[in-house]
Amino acid sequence: MDWLFIVKPADTVPDGGSSAKDRMLELAETAPRREWCLSRWRRMTPGDRLWIYFAAPVRQIAAVAEIDREPYEVMGSPRQPWRFTATLDPDATRRLHRDPVPLHVLSNRHPQGVTRVKESDLELLLDHAGL
């Protein structure tokens, strides 16, 4: 299964850094295994892909990771009570960083939250990522 995961480049990530696409590329190359947060449980399983969509102002998909562990609940975090681990793919993320997929070419032009990638968009994403 393929998932679209939205980040806002101005937001900070759990490690205190930025979620901008340059930072995500740096993480893919230096510390690719990450913990990700969810507001709702999703039926993610190990081996699923996570396509990282960078929202305003860039509005493009420029990173990809593979899910290592399905979501688990974390107490004490009411806004994002679910966590999962995924490993950024350095080669595919590097390719997407150089040749991102702009939101306007996807069939889902208004993604909300974490959603499944539409089958009609998958080939384009795979091509840009070199997968």
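Since we're looking at a predicted model, the values are computed, not measured. We use all heavy atoms of the structure for the numbers below, so side chains are in, but hydrogens, waters and symmetry mates are not.
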Original post:
Between Arg59 and His104, does a side chain to side chain contact (heavy atoms under 4.5 Å, CB included) hold up when you go through it step by step?
Top reply: CA-CA 8 Å; Arg59 302 173 52 92; His104 70 84; over 6 Å; no
**OP:** Output, in order, the C-alpha distance, side-chain angles, deciding distance and verdict of side chain to side chain contact (heavy atoms under 4.5 Å, CB included) for Leu38 and Arg83.
**Re:** CA-CA 6 Å; Leu38 296 169; Arg83 303 278 190 275; over 6 Å; no
**OP:** Output the distance between atom CG (Leu27) and atom CG (Asp22), rounded to the nearest 0.5 Å.
**Re:**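 Interatomic distance, Leu27 CG to Asp22 CG, rounded to 0.5 Å: 11.0 Å.
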**OP:** Look up atom CE in Met24 and atom CG in Leu88, then write down how far apart they are to the nearest 0.5 Å.
**Re:**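 If we round to the nearest 0.5 Å, Met24:CE and Leu88:CG are 6.5 Å apart.
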Original post:
Who are the side chain to side chain contact (heavy atoms under 4.5 Å, CB included) partners of Thr85, not counting sequence neighbours?
Top reply: Arg33, Asp68, Arg69
Any donor-acceptor pair under 3.5 Å from [X] side chain to [Y] backbone:
| X | Y | answer |
| --- | --- | --- |
| Thr87 | Glu66 | no |
| Thr115 | Pro111 | no |
| His128 | Leu96 | no |

Less than 4.5 Å apart, any side-chain heavy atom of [X] and any of [Y]?
| X | Y | answer |
| --- | --- | --- |
| Lys21 | Gln60 | yes |
| Leu125 | Ile61 | yes |
| Phe84 | Arg42 | no |

On a heavy-atom basis, which atom in [X] and which in [Y] lie closest, and how many Å separate them?
| X | Y | answer |
| --- | --- | --- |
| Ala28 | Pro90 | O-CG, 3.2 Å |
| Pro71 | Trp41 | CB-CD1, 3.8 Å |
| Pro32 | Thr30 | CD-C, 3.7 Å |
| Tyr72 | Glu35 | OH-OE2, 2.5 Å |

**OP:** Would you mind telling me which of Leu103, Ile6, Val7 makes a side chain to side chain contact (heavy atoms under 4.5 Å, CB included) with Phe54?
**Re:** Val7
Original post:
How about Arg40: does its CZ atom have over 12 heavy atoms from other parts shown lying under 6.0 Å from it?
Top reply: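 Check fails, neighbour count at 12 or below.
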Please tabulate, for the side chains in residues 44-52, all donor-acceptor contacts under 3.5 angstrom to protein atoms that are two or more places apart in sequence or on a different chain.
unit_1, atom_1, unit_2, atom_2, d
Thr45, OG1, Asp48, OD1, 3.2
Asp48, OD1, Met1, N, 3.2
Asp48, OD2, Trp3, NE1, 3.1
Asp48, OD2, Thr45, N, 3.0
Arg49, NE, Asp2, OD2, 2.6
Arg49, NH2, Asp2, OD1, 3.3
Arg49, NH2, Asp2, OD2, 3.2
Trp51, NE1, Asp2, OD2, 2.8

Subject >> Salt bridge Arg43-Glu70, side-chain N to carboxylate O under 4.0 Å >> reply: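 Looking at Glu70 together with Arg43, the answer is no, because their closest N to O distance does not fall below 4.0 Å.
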**OP:** Using a strict 4.0 Å threshold on nitrogen-to-oxygen distance, state whether Asp121 and Lys118 make a salt bridge.
**Re:**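 The answer is no: the pair does not qualify as a salt bridge.
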**OP:** May I ask you to decide if the ring planes of Phe5 and Trp36 are parallel, tilted or perpendicular, using 30° and 60° as cut-offs?
**Re:** perpendicular
